[in-house]
Amino acid sequence: MRRSLYSISIDREELRRFRKFFVVRNDLENFVTFEAGRRRPIYNWFYYKEAFSPELIFTLLDEFGITNANIIDPFCGVGTTLLASVERNCNAVGFDILPLSVFVSNVKLQRDYDMKLLREKIKEITSLKFGETELKWPDIKFISIKKSISRYARNDLLFFKERIMEIEDEKIRNFIFLGLLSISFRATNLVRDGGVLKIDKSKRRNQIPVRHLLRNKLKRMYKDVKNNLNKFNENVNAYAKVGDARSLGIKSEFDLCITSPPYLNWVDYTKIYAIELALLGLSYQEILELRKRSLRSHVGAEYKIRKRIKSEKLESILENLNKFDVKSPEVLRGYFEDLYLSLRSIYNSLNDNAICAIVIGNACLPGITVDCDVILAELAEEIGFSLKRIEVAKVRWCGVHGIKKERPVRESIVVLET
Ligand SMILES: C[S@@+](CC[C@H](N)C(=O)[O-])C[C@H]1O[C@@H](n2cnc3c(N)ncnc32)[C@H](O)[C@@H]1O
């Protein structure tokens, strides 16, 4: 991170009160993304671009001097916090609105496999000859499954799913099904481009058959289990559950929260992971329901306010943002109301003197830069947290309307204490 870029990013009058809290953390730059974790066994079983790396959790646990703690991640994604916590002998619980993320997290946390049976079942599934299936793809309307996946791959994905579902041993069934889910996107003609799925013709030309993708994936996953499971202490407990971070309903149970909510970037997770959600077995209606219930960081979420939030701070922040001519201003209101609700529910779930570290990116909209890290800190203070630091891991130039280098935006870790 260039020092000058960092200085410009905090050099604004309205950020004056926060200047003493800002800390440059070049060392965390690669840890706030999935990249550093891509080579890590088990963590890399499912590619989730929005995930952070386990190195971030290890670094924070060392810095906070935390051992044997109960850790919560209310936006757990594919379970990075949970798995890293277990590696450091901590209990951990995660929540996510997407059943896909919860499934991935829980399979990564599985232990005590019957290794002989696992090997046999992998061999059995990957040696199956081509066959027909009774299963059907749901019509998810916002993507044409027919155009996105070749006829062979469409059939193969469902054929393998059907056979995998016949495996009796639940852990082994889940393990092999995760293998299939994680290669499913590679078997399509789609690419993820920011927040949208696009057909990529070159992918169609270079398509690798599902059975080869699956065989290779399961081989790697099996090796990971064999080489790494002894790293995990059997006496610690970690799991993920489907849940809404805005209403966890937990009272004083955790010593530490490490999490990262969706960023204010209009990305709809139910769109970019639609193929995997459909393969998991969700119908179009169920996907739409999830979309509505997800954090209001995109236009597909439900914008009806369920409960009025009484916060003058929130209102004054929103009033300030309203001065700018932002397209879909309801997204801004929805996003910060949801952050407020999530912070309140996280605060309630924590013990006294607990720490909460939240990874968040600032938003770059036409006309304004939204300092989500600072706004989150202000809302957290209003709820009762005390702000310790805003650790700036990354600053990049944001380009709006093709104008490069317009304004710098930060990606930060806001460190709070109860
Ligand atoms: C930035 S990602 C978290 C990634 C995670 N740190 C990891 O390493 O995998 C944000 C997550 O929040 C989830 N999410 C969206 N709305 C939610 C809600 N209302 N409650 C809980 N999770 C939600 C998304 O499904 C997504 O997995």
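These numbers were taken from a predicted model, which means no experiment stands behind them. Excluded from the calculations below are hydrogen atoms, water molecules and symmetry mates; all remaining heavy atoms, backbone and side chain alike, are included. In each ligand, atom 1 is the first atom listed, and ligand 1 is the first ligand listed.
Not a single heavy atom of G37 lies less than 4.0 angstrom from ligand 1.
Atom numbering of ligand 1 starts at 1 in the shown order; those under 4.0 Å from a heavy atom of D244 are 18 (C), 19 (N), 20 (N). Which parts of ligand 1 touch A51 is read off a 4.0 Å heavy-atom cut-off, strictly below it: atoms 4 (C), 7 (C), 8 (O), 9 (O). Counting atoms of ligand 1 from 1 in the listed order, those under 4.0 Å from a heavy atom of P74 are 21 (C), 22 (N). Residue S294 approaches ligand 1 through these ligand atoms, each under 4.0 Å from one of its heavy atoms: 16 (N). Residue-ligand proximity, R246 to ligand 1, at heavy-atom distances under 4.0 Å covers atoms 19 (N). Distances below 4.0 Å separate heavy atoms of E50 from the following atoms of ligand 1: 1 (C), 4 (C).
Counting only heavy atoms of the protein, atom 11 (C) of ligand 1 lies nearest to D96 OD2, 3.5 Å. The protein atom (non-hydrogen) at minimum distance from atom 23 (C) of ligand 1 is F75 CD2, 3.5 Å. With respect to atom 8 (O) of ligand 1, the closest heavy atom belonging to the protein is T80 OG1, 2.6 Å. V78 N, 2.9 Å is the protein heavy atom nearest to atom 9 (O) of ligand 1. The protein heavy atom nearest to atom 10 (C) of ligand 1 is S260 O, 3.4 Å. Protein heavy atom in closest approach to atom 5 (C) of ligand 1: C76 O, 3.6 Å. At the top of the distance list for atom 16 (N) of ligand 1, counting protein heavy atoms only, stands L295 N, 3.0 Å.
Ring geometry for F34 versus Y47: interplanar angle over 60°, hence perpendicular rather than tilted (30 to 60°).
If you look at S342 next to ligand 1, there are no close heavy atoms at all, none under 4.0 Å. Contact annotation for Y48 and ligand 1: only side-chain heavy atoms (C-beta onward) come within less than 4.0 Å of the ligand.
Judged purely by atom type and a 3.5 angstrom limit, N44 uses its side chain to pair as donor or acceptor with the backbone of R38.
By the SG-distance test at 2.5 Å, a disulfide connects C398 to C364.
Atom CD of E312 sits in a sparse spot, with 12 or fewer heavy atoms from other residues, nucleotides or ligands closer than 6.0 Å.
The shortest N or O to N or O distance between A245 and ligand 1 is below 3.5 Å. In terms of N/O distances under 3.5 Å, ligand 1 is not approached by P262.
A cation-pi arrangement is absent between K217 and F185 under the rule of less than 6.0 angstrom and at most 45 degrees off the ring axis.
Aromatic ring centroids of Y48 and Y273 lie under 6.0 Å apart.
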